[in-house]
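Have a look at the structure below before the remarks.
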There are 2 protein chains.
Amino acid sequence: MNAFQTRPLVLQPRGAIEPCSRCDARSRSVCNAIPDTELRRLGEAATTHTVASGSTFVTEGEPASAFFNITGGSAKLYKLLPDGRRQITGFVGVGHFLGLAVSATYAFSAEAIEHVRYCRFSRAKLRALLDDFPAMEKRLLQVASNELVAAQEQMLLLGRKTARERVASFLLAQSRLGVICQTPRVQFALPMTRGDIADYVGLTIETVSRTLTKLRSDGLVDIPNATDIVICNRPAMERIAEGMT
Amino acid sequence: MNAFQTRPLVLQPRGAIEPCSRCDARSRSVCNAIPDTELRRLGEAATTHTVASGSTFVTEGEPASAFFNITGGSAKLYKLLPDGRRQITGFVGVGHFLGLAVSATYAFSAEAIEHVRYCRFSRAKLRALLDDFPAMEKRLLQVASNELVAAQEQMLLLGRKTARERVASFLLAQSRLGVICQTPRVQFALPMTRGDIADYVGLTIETVSRTLTKLRSDGLVDIPNATDIVICNRPAMERIAEGMT
DNA sequence: GTACGGCGTTGATTCAGATCAAAGCGGCGA
DNA sequence: TCGCCGCTTTGATCTGAATCAACGCCGTAC
């Protein structure tokens with residue numbers, strides 16, 4: 001399940017040669033709470049890293065020594081039971097902030113799906129940054145609040161929805177990813193495998209596959225290939241996702 | 001399912017006659033971020049209310065105009081599907097802070113289990129308070145982070161645990177409630193009904209009941225009456241909760 | 001005191017989704 | 001080009017929890 005774990009490649013402190021001013025993830029992340037004139041401070045607090053697809057860069061239970069800001073690629077966050085059962089608690093993309101644990105250890109693991117770039121902030125440096133820029137703390141609180149709302153929605157899905165409702169909800173959520181205040185996408189690619197989807201929505205690979213096939217044969221979606229999804233009948237999909245069937 | 005909804009009884013602005021200095025919930029809530037000398041500010045920002053058992057005091061989808069701090073009793077937070085399926089996302093007690101929604105509407109409903117007292121902060125007043133006391137914002141971020149960790153744990157339960165594991169996990173979590181940095185309780189009362197437990201752990205009433213009966217006949221817990229629980233074999237319960245069976 | 005209604009328990013049966021099994025389908029390295 | 005391996009799909013069967021059903025236990029209202 002977990003592939004090998006590679007030591008992430010450390011590039012360099014961001015402050016050195018490539019300041020945050022050129023970061024294309026900044027506008028989408030909590031870093032946009034730091035004014036342009038102070039970007040040097042921000043850059044000096046972080047180091048940039050890259051991890052290959054399949055590599056784990058945060059491990060549940062290990063000392064929570066740092067925070068991470070995804071600047072490229074996508075990753076899955078998950079928890080494991082001792083016998084290997086896995087629950088993916090979220091997929092994260094560019095601009096996502098990870099590792100806000102109050103406890104001494106991480107509560108989840110993170111594994112790169114697509115080649116990931118991220119900025120790493122040590123606890124101490126992030127604390128200093130937050131003390132100097134309360135606006136960033138405000139943004140973090142907003143982000144955490146939004147994640148809490150998403151987590152509650154996911155609990156509803158995991159606790160009370162049928163397989164069909166779960167898959168429909170998942171596809172609709174994916175179609176809305178990344179598009180802010182804009183119409184959701186009709187067609188999009190799923191970066192994760194069927195196994196990842198299954199572990200996210202609390203089903204098995206086979207049930208996810210069968211359910212997708214059924215949604216397609218019902219004319220609600222099209223699946224031109226294993227990774228691409230086309231939402232053919234969004235209103236019907238939305239009704240299914242909400243259990244109105 | 002939802003009993004009648006009563007308009008909560010408004011008592012008075014806290015600043016008026018009963019300042020926060022006498023609040024026994026303060027030490028357990030985010031309010032402890034406000035220094036004693038500034039308690040008047042805190043009191044003036046809030047109004048106190050009470051709601052009877054069974055009454056709903058926050059409704060999913062309604063404008064999120066305020067935040068709530070529970071000062072007495074306990075409540076359940078839940079989301080509904082249109083056909084009435086319900087997922088309880090959490091039980092909250094004294095000191096718990098509710099309503100941190102960034103969006104314009106509440107993402108959940110809240111209903112009193114036991115007679116509830118709470119302080120209500122309007123968005124504007126809370127914002128002013130947070131601007132003046134960044135320490136409170138820090139505390140809120142801590143609280144939100146902890147809830148996020150708890151939510152991820154609950155996703156693991158809902159997505160991947162068996163009925164037996166879910167009920168064992170739930171009982172252990174209840175046994176640890178309210179005791180901070182201390183040994184968990186061996187015996188305790190469950191304030192919620194079997195139906196509430198079922199909607200929290202994603203099972204039916206019957207399965208919760210049967211599972212409790214089985215745990216008792218296995219000598220792991222005792223259930224002297226419908227509301228009381230005694231943990232007889234905690235190590236075994238912990239193994240079950242983690243799926244080590 | 002008794003009738004009623006909500007809550008909890010237990011039993012019988014059903015069913016949605018898991019498990020077991022096998023075969024297609026690419027992509028990639030030799 | 002071929003062969004292998006991981007991912008996906010599809011089919012057959014099984015099973016854990018849901019559903020359907022009935023009854024016991026209280027607390028409360030009359």
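A note on names: the letters A, B, ... follow the listed sequences, proteins ahead of strands, and every chain is numbered from 1.
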[X] has an atom [atom1]; how far is it from atom [atom2] of [N], in whole Å?
| X | N | atom1 | atom2 | value |
| --- | --- | --- | --- | --- |
| K161(A) | dA16(C) | NZ | C1' | 18 Å |
| K214(B) | dA17(D) | NZ | P | 12 Å |
| R164(A) | dC15(C) | CZ | P | 18 Å |
| N225(B) | dG8(C) | CG | P | 11 Å |
| R160(A) | dA17(D) | CZ | P | 13 Å |
| L190(A) | dC7(D) | CG | P | 15 Å |

>> Five pairs per end, C1' atoms only: what is the angle between the end axes of the helix from dG1(C)-dC30(D) to dA30(C)-dT1(D), to 10 degrees?
In response: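 Taking five pairs per end, the axes differ by 30°.
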
> Is the ring centre of F97(A) less than 6.0 Å from the ring centre of F68(A)?
Replying inline: no

>> I'd like to know whether I223(A) forms a side-chain contact (heavy atoms from CB on, under 4.5 Å) with V230(A), so could you lay out the CA-CA distance, the side-chain angles of the two residues, the decisive distance to 0.1 Å, and finally the verdict.
In response: CA-CA 6 Å; I223(A) 309 175; V230(A) 183; over 6 Å; no

> Without hydrogens or angle criteria, can the side chains of T204(A) and T207(A) be said to hold a donor-acceptor pair below 3.5 Å?
Replying inline: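 Yes - a donor-acceptor pair under 3.5 Å links their side chains.
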
> Is a side-chain donor-acceptor pair under 3.5 Å present for K161(B) with S169(B)?
Replying inline: yes

>> Walk along nucleotides 8-13 of chain D from 5' to 3' and tag each nucleotide B, S or - by protein heavy-atom contact under 4.0 Å, base first, then sugar-phosphate.
In response: SBBBB-

> Any ring-ring contact (aromatic ring centres under 6.0 Å, His included) pairs touching residues 219-245 of chain B, not counting sequence neighbours?
Replying inline: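 Residue pairs with at least one partner in residues 219-245 of chain B: there are none.
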
> Do any pairs count as a ring-ring contact (aromatic ring centres under 6.0 Å, His included) and have a residue in residues 196-235 of chain A, sequence neighbours left out, and if so which ones?
Replying inline: F91(A)-Y200(A), F170(A)-Y200(A)

>> List the residues meeting side chain to side chain donor-acceptor pair (under 3.5 Å) with R28(B), not counting sequence neighbours, and say none if there are none.
In response: none

> What pairs with L177(B) under side-chain contact (heavy atoms from CB on, under 4.5 Å), at least two apart in sequence or on another chain?
Replying inline: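 Applying side-chain contact (heavy atoms from CB on, under 4.5 Å) to L177(B) gives Q174(B), R185(B).
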
> For dA17(D), does either OP1 or OP2 sit under 4.0 Å from a side-chain N or O belonging to T204(B)?
Replying inline: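 For dA17(D), neither OP1 nor OP2 has a side-chain N or O of T204(B) closer than 4.0 Å.
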
